[in-house]
Amino acid sequence: MSTQTALPGSHFSYRHGELFCENISVKMLARRYGTPLYVYSQAEILQALAKYENSLKDWPHLICYAVKANSNFSILQLLAQHGCGFDIVSGGELLKVKAAGADMGKVTYSGVGKTEEEIRLALRSEIKSFNVESASELNRLSRLAAQVSKQARISIRINPDVNAHTHPYISTGLKENKFGVSPQVAFSLYRQAKEDPWLCPIGIDCHIGSQLTEISPYIQACETVVNLLDRLTREGIYLEHIDFGGGVGVRYRDEPVIDLAALTKELHTILAQRGYGHLSMIFEPGRSIVASSGLLIGQVQYIKTTETKNFLISDTAMTEMIRPALYQAWMPILEVSAKPQLQEKLYDIVGPVCESSDWLGKQRALKIAEGDYFAVAMAGAYGMSMASTYNCRNLPAEILVDRDRYRQIRRRLPVEDQWAAEMPETITEKALG
């Protein structure tokens, strides 16, 4: 098999030329459940969570998993069972984590566009904190909290104008981005919240982007936040936590990976030196918890050779993994079974969707034939959670592997379910006007 791409994590291996997730054959899963198919390693998820817990064990802290990275119910349930909190960005995510057994006192609510209905739901659910992103949102929170007689616990999200050196689509900490408010605006909002009986300022929040590979942007953002904390303290506003957001990157190819222990130590050192070492540190990791746990399995339908390229045309597309099309992201691609008798060739791995952006990888060296399975690795984050039914394609099934056991955690629904809500008999006379 090709040796160009390393395995994504310690719980994947080749045995006698066949790819395994923990102790389960990936080829067997593909044959049993069909493709496209997502396969996750439970041990890989828990190992990633443990790295965060171990790096923070000496200080008050809370890990709030960013649900948007992968919102499968069984994965949320697993994380809740291991004491994880959750960072949500919608009312739907709130209802899902509640159903999965989340401690609602460990839920933070981020996002710039919270609706009145979503805010009422979160207030009644008594979540830990709203991460407030604008003056208008703060005013809406106050009004709705009074309506439902539930005080809103808040953190103001600071936009520190820090360049996170990541893809512009996932950079969130520059002043040109839609997220958060400037430190000066935040100061006035905290003063307003202090005087409002329906608002309780308990924290301060900062998230600067995703897939970060350097510690320095975190340090810059922390220093900006601590300077604001000094002003708040002089104003008599005392907080309970500082939320550093998520964004820690993973290695898809050759990116440097942040040392979590070094990151948390440096951040806590800054807090301690400025007199804020008692504050609980909140992190909201998503990608770095689940990315390495996931494989997306596809099957080669055709190999097409042109005068310029070899195309590997698969049954797996941008509808199952949009990151390459959306971000031009490089994803590892592996053979599921060794074929030493085949000649290694360079392939563009593409899907059947009618878009030229429908590709999973370009110029990949593989020994592979029509009918073979392949695996897109590092696929646990922003894969299934961003999947679509474009071209009336069906959503993949999902499998969770636990050592020598596995279970289907999402079944592949009949494609007819896609248009069930569109059938004439479901449209009432009232809806027709």
Side-chain angles (χ1 to χ4, degrees), residues 5-12 40-41 44-56 61 63-70 75 79 84 87 89 110 159-160 162-174 177 179 205-222 243-267 281-296 321-333 360-361 376-386:
T5 303
L7 290 168
S10 58
H11 298 93
F12 300 91
Y40 307 105
S41 162
E44 195 75 18
I45 294 171
L46 295 180
Q47 178 177 278
L49 178 61
K51 287 181 181 178
Y52 275 93
E53 291 290 353
N54 291 336
S55 73
L56 290 160
H61 69 274
I63 305 300
C64 292
Y65 168 70
V67 176
K68 60 183 175 287
N70 187 319
I75 291 176
L79 292 169
C84 211
D87 173 55
V89 294
S110 303
N159 185 320
V162 168
N163 188 344
H165 304 295
T166 189
H167 192 284
Y169 289 1
I170 52 178
S171 177
T172 62
L174 291 169
N177 300 137
F179 302 97
D205 175 49
C206 182
H207 177 67
I208 54 176
S210 185
Q211 186 54 13
L212 275 63
T213 59
E214 303 172 3
I215 290 179
S216 58
Y218 284 101
I219 302 305
Q220 295 175 51
C222 182
D243 186 340
F244 290 105
V248 170
V250 299
R251 180 173 289 121
Y252 290 101
R253 192 175 192 178
D254 54 7
E255 304 93 327
V257 176
I258 289 173
D259 182 326
L260 285 177
L263 171 63
T264 55
K265 183 177 180 180
E266 287 202 39
L267 293 174
M281 293 195 293
I282 296 180
F283 285 86
E284 298 168 349
R287 185 194 311 266
S288 54
I289 296 292
V290 292
S292 65
S293 73
L295 301 173
L296 171 58
M321 174 54 71
I322 200 171
R323 293 190 68 254
L326 187 60
Y327 305 120
Q328 295 74 54
W330 192 97
M331 305 284 294
I333 297 178
L360 300 173
V376 181
M378 299 297 295
Y382 304 107
M384 189 61 193
S385 64
M386 298 179 78

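Quantities reported herein were computed from a predicted structural model and do not represent experimental measurements.
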Minimal non-hydrogen separation, Gly380 against Asn70, with atom names: O-ND2, 2.9 Å

All side-chain hydrogen bond (donor to acceptor under 3.5 Å, both in side chains) counterparts of Tyr65, not counting sequence neighbours: none

Qualifying residues under side-chain hydrogen bond (donor to acceptor under 3.5 Å, both in side chains), relative to Ser10, sequence neighbours excluded: Gln47

Residues Arg323, Tyr252; criterion side-chain contact (heavy atoms from CB on, under 4.5 Å); working and verdict: CA-CA 12 Å; Arg323 293 190 68 254; Tyr252 290 101; 3.6 Å; yes

Minimum heavy-atom distance between Ser288 and Val248, given as atom pair plus value: CB-O, 3.6 Å

Heavy-atom closest contact (Ile258 atom, Thr213 atom, distance): CG1-C, 3.7 Å

Under the side chain to side chain contact (heavy atoms under 4.5 Å, CB included) test, residues paired with Ala262 that sit two or more places apart: Ile215, Asp259

Closest heavy-atom pair and its distance - Met378, Pro332: CG-CG, 3.8 Å

Working for side-chain contact (heavy atoms from CB on, under 4.5 Å), residues Leu260 and Leu56: CA-CA 9 Å; Leu260 285 177; Leu56 290 160; over 6 Å; no

Residues that Ala66 engages under side chain to side chain contact (heavy atoms under 4.5 Å, CB included), provided they are two or more places apart: Lys68, Asp87

Derivation of the side-chain contact (heavy atoms from CB on, under 4.5 Å) call for Glu266 and Tyr218: CA-CA 9 Å; Glu266 287 202 39; Tyr218 284 101; over 6 Å; no

Value rounded to 0.5 Å, distance of CG in Leu360 from CD1 in Ile322: 11.5 Å

Residue pair Phe244 / Cys222, side-chain heavy-atom distance below 4.5 Å: yes

Check: Ile282 main-chain N/O paired with His61 side-chain donor or acceptor under 3.5 Å: no

Contacts of Phe12 that satisfy ring pair (Phe, Tyr, Trp, His ring centres under 6.0 Å) - sequence neighbours left out: none

Verdict with reasoning, Cys84 to Leu49, per side-chain contact (heavy atoms from CB on, under 4.5 Å): CA-CA 9 Å; Cys84 211; Leu49 178 61; 4.0 Å; yes

Listed partners of Glu255 passing side-chain hydrogen bond (donor to acceptor under 3.5 Å, both in side chains), at least two apart: none

Closest approach of Leu296 to Ala379 (non-hydrogen atoms, all atoms of both residues): N-CB, 3.9 Å

Within-4.5 Å side-chain heavy-atom neighbours: Pro256 and Glu214: no

Separation between OG of Ser41 and CG of Leu295, rounded to the nearest 0.5 Å: 9.0 Å

Leu326 side chain near Met386 side chain, heavy-atom distance below 4.5 Å: yes

Distance (rounded to the nearest 0.5 Å) between His11 NE2 and Ser293 OG: 11.0 Å

Beyond-backbone contact of Tyr52 with Ile289, side-chain heavy atoms, under 4.5 angstrom: yes

Min side-chain heavy-atom separation Tyr382-Gln211 under 4.5 Å: no

Minimum-distance pair of heavy atoms, taken over all atoms of Arg287 and Ala69: N-CB, 3.9 Å

Distance, nearest 0.5 Å, that separates CD1 of Ile208 from CG of Asn159: 10.0 Å

Check: Thr264 side chain, Ser55 main-chain N or O, donor-acceptor pair, under 3.5 Å: yes

